[in-house]
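A short worksheet on the structure shown next.
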Amino acid sequence: MATRHQYQFCFGPWNISEGQDPYGPPTRPAQTFDWKLRQLKRLGFDAMMFHDDDAVPDIDGKSDARLRKEARELKQKLADAGVAAEMVAPRLWFSPRTMDGAYTSNDPKCRQYAIKRSLRCIDIANYLGTDLVVLWLAREGTYLREAKNGRRSVDLLVQALDKMLAHDRKIRLSIEPKPNEPMDQAYVPTIGHALALAQLTRDPKRVGCLIETAHAILAGLDPADEIDFAMAFGKLWSLHLNDQNGLKFDQDKPFGSANLRVAFNQVRALERNGYGKKGEFVCFDVHPFRTTKVEHWLAHLANSRRTFLRLVQKARRFDEKQAQQLVAERNYAALDQMVLEHLMGK
Ligand code: GLO
Ligand code: MG
């Protein structure tokens, strides 16, 4: 099982967040992008992931020429720092024009905006030197199911993906499913939905997925199973590791924080499938606790990476032979305890 390659790590500027939640304001002052980039380097990360407006702030007010100029400047800054751009994602949930959804909005003008913005996001990805665009379909769903026609929404999603695929023959789209929040019910809640949707597009081989631990748990699934499923299709092109304590708001806790065993099984699944061998990054979509002081502001990122690497060692040192023996004997009680003892260590 042990496929000994080195993993490459990534996070986004939004993962050094200021602590606001729906009930209260920020608890830490905002930091500049340049500071965040320096911290990323200092922590030993290899790449940064971007929203389109992380790369080009206030993107909607800027001309195409301006967008190109700013994106190229950013590319230079990343090159100077020796940091890769992992992906770019259109932020389709902030604008008043995406209030009722982006590609599935009931308003045709809003749908047009969402598609145009996605095409500009692809342009940014090109300028930054990545062929990966991530689609977290934040508002593609409903607060009440009667508000939209579900069948039409599937057609609209496919049409939007097709326009993106046609805009650039090389771009790959990774759908990041999430079953709820901000919506009551999302149209693409799981990896199965994402990969099925890919099949309806004009170029299924360029539509894959991104698994986020917390999102899989919110869907009632084991993220390790989602990893195995996506990788059986060769379609896991990115990953947002974090953790989640049960069915509540999206928590984006440090990797392994809520359930070390579930984290261990994700690492085992990545190892057995050779995740990262084709240049895929391990990204942490984690946030500091709201209570975090400025001087501890990066701990959730450093800790997630450390936990991941320690679990890689745990996965590689797991006694597979003994485990297989117990499986053959159907002695799952012993197997269960063996896993716990292995995780607890001496
Ligand atoms: C929120 C998502 C979000 C996306 C990011 C990239 O629940 O996890 O953080 O990953 O916006 O599109
Ligand atoms: Mg995410």
Side-chain angles (χ1 to χ4, degrees), residues 9-22 36 47-57 59 85-95 98 101-103 114 117-118 120-122 124-125 128 130 132-141 157 160-161 164 171-191 194 207-219 221 223 226-227 230 236-245 247-255 257 266 280-288 300-301 304 308:
F9 298 99
C10 168
F11 66 78
W14 68 91
N15 297 119
I16 307 182
S17 52
E18 290 90 39
Q20 65 270 38
D21 69 13
K36 292 180 177 182
M48 196 177 245
M49 51 183 178
F50 291 93
H51 294 114
D52 50 3
D53 58 359
D54 294 323
V56 180
I59 180 175
E86 192 243 357
M87 63 80 165
V88 189
R91 197 194 294 273
L92 294 172
W93 52 92
F94 246 69
S95 158
T98 54
Y103 313 132
R117 173 128 179 195
S118 306
R120 297 186 96 205
C121 176
I122 292 174
I124 295 177
L128 294 187
T130 173
L132 193 64
V133 158
V134 166
L135 300 173
W136 172 42
L137 303 171
R139 297 194 192 276
E140 313 298 5
L157 285 169
L161 294 171
M164 287 180 254
I171 207 78
R172 294 178 299 142
L173 307 175
S174 263
I175 299 175
E176 178 181 352
K178 181 176 180 181
N180 60 279
E181 198 202 35
M183 306 317 293
D184 177 22
Q185 305 258 27
Y187 285 127
V188 184
T190 69
I191 292 302
V207 184
C209 64
L210 179 162
I211 290 168
E212 175 163 322
T213 313
H215 300 179
I217 294 171
L218 285 169
L221 300 172
E226 290 282 82
I227 290 170
L236 186 59
W237 299 337
S238 187
L239 187 64
H240 284 180
L241 294 182
N242 55 21
D243 214 351
Q244 172 73 26
N245 183 21
L247 302 182
K248 48 188 87 165
F249 63 94
D250 186 8
Q251 298 183 307
D252 295 329
K253 288 188 170 205
F255 182 53
S257 159
Q266 286 169 81
E280 306 93 334
F281 289 87
V282 173
C283 310
F284 297 108
D285 198 355
V286 291
H287 286 271
H300 62 304
L301 293 159
S304 292
F308 180 89

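Counting starts at 1 for both ligands and their atoms, in listed order.
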Go ahead and list the nitrogen or oxygen contacts between ligand 1 and the protein that come in under 3.5 Å, distances to 0.1 Å, or just say none.
{"unit_1": "ligand 1", "atom_1": "7 (O)", "unit_2": "K178", "atom_2": "NZ", "d": "2.8"}
{"unit_1": "ligand 1", "atom_1": "7 (O)", "unit_2": "H215", "atom_2": "NE2", "d": "3.1"}
{"unit_1": "ligand 1", "atom_1": "7 (O)", "unit_2": "D250", "atom_2": "OD2", "d": "3.0"}
{"unit_1": "ligand 1", "atom_1": "8 (O)", "unit_2": "E176", "atom_2": "OE2", "d": "2.9"}
{"unit_1": "ligand 1", "atom_1": "8 (O)", "unit_2": "E212", "atom_2": "OE1", "d": "2.7"}
{"unit_1": "ligand 1", "atom_1": "8 (O)", "unit_2": "H215", "atom_2": "NE2", "d": "3.2"}
{"unit_1": "ligand 1", "atom_1": "8 (O)", "unit_2": "D285", "atom_2": "OD2", "d": "2.9"}
{"unit_1": "ligand 1", "atom_1": "9 (O)", "unit_2": "D285", "atom_2": "OD2", "d": "2.7"}
{"unit_1": "ligand 1", "atom_1": "10 (O)", "unit_2": "E176", "atom_2": "OE1", "d": "2.7"}
{"unit_1": "ligand 1", "atom_1": "10 (O)", "unit_2": "E176", "atom_2": "OE2", "d": "2.8"}
{"unit_1": "ligand 1", "atom_1": "10 (O)", "unit_2": "H240", "atom_2": "ND1", "d": "3.1"}
{"unit_1": "ligand 1", "atom_1": "10 (O)", "unit_2": "D285", "atom_2": "OD2", "d": "2.9"}
{"unit_1": "ligand 1", "atom_1": "11 (O)", "unit_2": "H51", "atom_2": "NE2", "d": "2.6"}

Side-chain donor or acceptor of N15 paired with backbone N/O of V286 under 3.5 Å: yes

Among the N/O/S atoms of H240, which is closest to the Mg ion (ligand 2)? Give the atom name. ND1

Non-neighbouring partners of R117 that pass salt bridge (charged side-chain N to carboxylate O under 4.0 Å, His left out), sequence neighbours left out: D52, D53, D60

Per residue D285, nearest N, O or S atom to the Mg ion (ligand 2) is named OD2

Could you report the tightest heavy-atom contact between N242 and F255, atom names first, then the distance? O-CD1, 3.6 Å

Determine which of the N, O or S atoms in E176 is closest to the Mg ion (ligand 2) and give its atom name. OE2

Checking E212 against E176 for the side chain to side chain contact (heavy atoms under 4.5 Å, CB included) test, could you report, in this order, the C-alpha distance in whole Å, the side-chain angles of both residues, the deciding distance, and whether it holds? CA-CA 7 Å; E212 175 163 322; E176 178 181 352; 3.0 Å; yes

With a 3.5 Å distance limit and no angle check, can you tell me whether H215 reaches the backbone of P177 through a side-chain donor-acceptor pair? yes

I'd like to know whether the aromatic ring centres of H51 and W93 sit less than 6.0 Å apart in this structure. yes

Please give the atom name: the N, O or S atom of E212 nearest to the Mg ion (ligand 2). OE1

A side-chain contact here means heavy atoms from C-beta on lying under 4.5 Å apart; do L221 and I191 qualify? no

Side-chain (Q244) to main-chain (Q251) donor-acceptor, under 3.5 angstrom: yes

Any N/O/S atom of C283 sitting less than 2.8 Å from the Mg ion (ligand 2), backbone or side chain? no

The Mg ion (ligand 2) to nearest N/O/S of D252 below 2.8 Å: no

Under 4.5 Å between any side-chain heavy atoms of L161 and L135, yes or no? yes

